[in-house]
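Just below is one structure, and these are the notes that go with it.
For the numbers below, each heavy atom of this structure counts, side chains included, while hydrogens, waters and symmetry mates do not. For this chain, numbers begin at 1 and follow the sequence in order.
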Amino acid sequence: MKYEDGKAYIETVTYNEPNIRGRAFTQNLPGIRKAVQPVEADTVIVSVGYASDQELYQAVKGDHVHLLGDAASPANLMKCIWSAYILCLNI
């Protein structure tokens with residue numbers, strides 16, 4: 001992304017149709033289209049947070065309270081779901 005002359009230039013990506021598992025293909029295939037679109041803006045804020053926040057967990061932790069997902073360590077949604085699944089198998 002770049003910002004100049006009062007415009008933010010945002011790259012958008014359109015993926016192929018989802019595969020059988022409901023996930024979009026991310027390979028470099030002909031169905032993937034990238035485009036850069038200008039958006040008028042006075043200010044651009046980019047926010048990416050890759051820090052876990054365990055404050056609530058620390059306040060309520062006990063025998064049946066478990067830390068998982070982004071609170072344990074930031075990752076993608078599939079890792080969160082998988083860690084919850086594994087946790088449930090061990091309860």
Side-chain angles (χ1 to χ4, degrees):
M1 183 182 90
K2 70 178 182 175
Y3 179 78
E4 61 184 36
D5 299 325
K7 292 185 181 178
Y9 293 85
I10 311 286
E11 181 178 67
T12 59
V13 179
T14 304
Y15 293 102
N16 292 331
E17 292 295 318
N19 62 20
I20 195 166
R21 292 187 180 114
R23 300 181 192 148
F25 290 108
T26 57
Q27 295 89 354
N28 192 10
L29 300 173
I32 297 176
R33 294 178 299 284
K34 294 183 179 183
V36 176
Q37 300 176 338
V39 177
E40 289 189 28
D42 294 328
T43 305
V44 175
I45 299 172
V46 178
S47 175
V48 178
Y50 287 108
S52 64
D53 182 354
Q54 299 179 5
E55 185 178 342
L56 178 61
Y57 172 75
Q58 294 299 329
V60 299
K61 70 181 177 179
D63 290 340
H64 300 290
V65 178
H66 304 279
L67 181 66
L68 57 96
D70 282 356
S73 67
N76 63 31
L77 183 59
M78 289 305 295
K79 183 175 182 234
C80 177
I81 292 169
W82 187 253
S83 65
Y85 173 74
I86 296 299
L87 175 70
C88 290
L89 290 176
N90 292 309
I91 292 179

### Task
Look up atom CG in N90 and atom OH in Y85, then write down how far apart they are to the nearest 0.5 Å.
10.5 Å
### Query
Any donor and acceptor pair, going by atom type alone, linking the side chain of D70 with main-chain N or O of A75 inside 3.5 Å?
yes
### Task
Could you tell me which residues satisfy salt bridge (Lys or Arg N to Asp or Glu O under 4.0 Å) with E55, sequence neighbours excluded, listed by chain and number?
none
### S83 OG to M78 CE distance, which is reported to the nearest 0.5 Å
11.0 Å
### Query
Would a 4.5 Å heavy-atom cut-off, applied to side chains only, mark L67 and Q54 as touching?
yes
### Query
Considering all heavy atoms of both residues, which atom of S52 and which atom of P74 are nearest to each other, and what is their separation?
N-CG, 3.8 Å
### Query
Is the CD atom of Q58 crowded by more than 12 outside heavy atoms at less than 6.0 Å?
yes
#### Entry: Co-members of V36 in a cluster of I, L, V, M, F, W and Y side chains, linked at under 4.5 Å
Y9
### Message
Given 3.5 Å as the limit, does a donor-acceptor pair link the side chain of D5 with the main chain of K7, or not?
### Response
no
### Message
Any side-chain to backbone donor/acceptor pair from Y57 onto L68? Under 3.5 Å, distance only.
### Response
no
### Joint hydrophobic cluster, I86 plus I81, side-chain heavy atoms closer than 4.5 Å
no
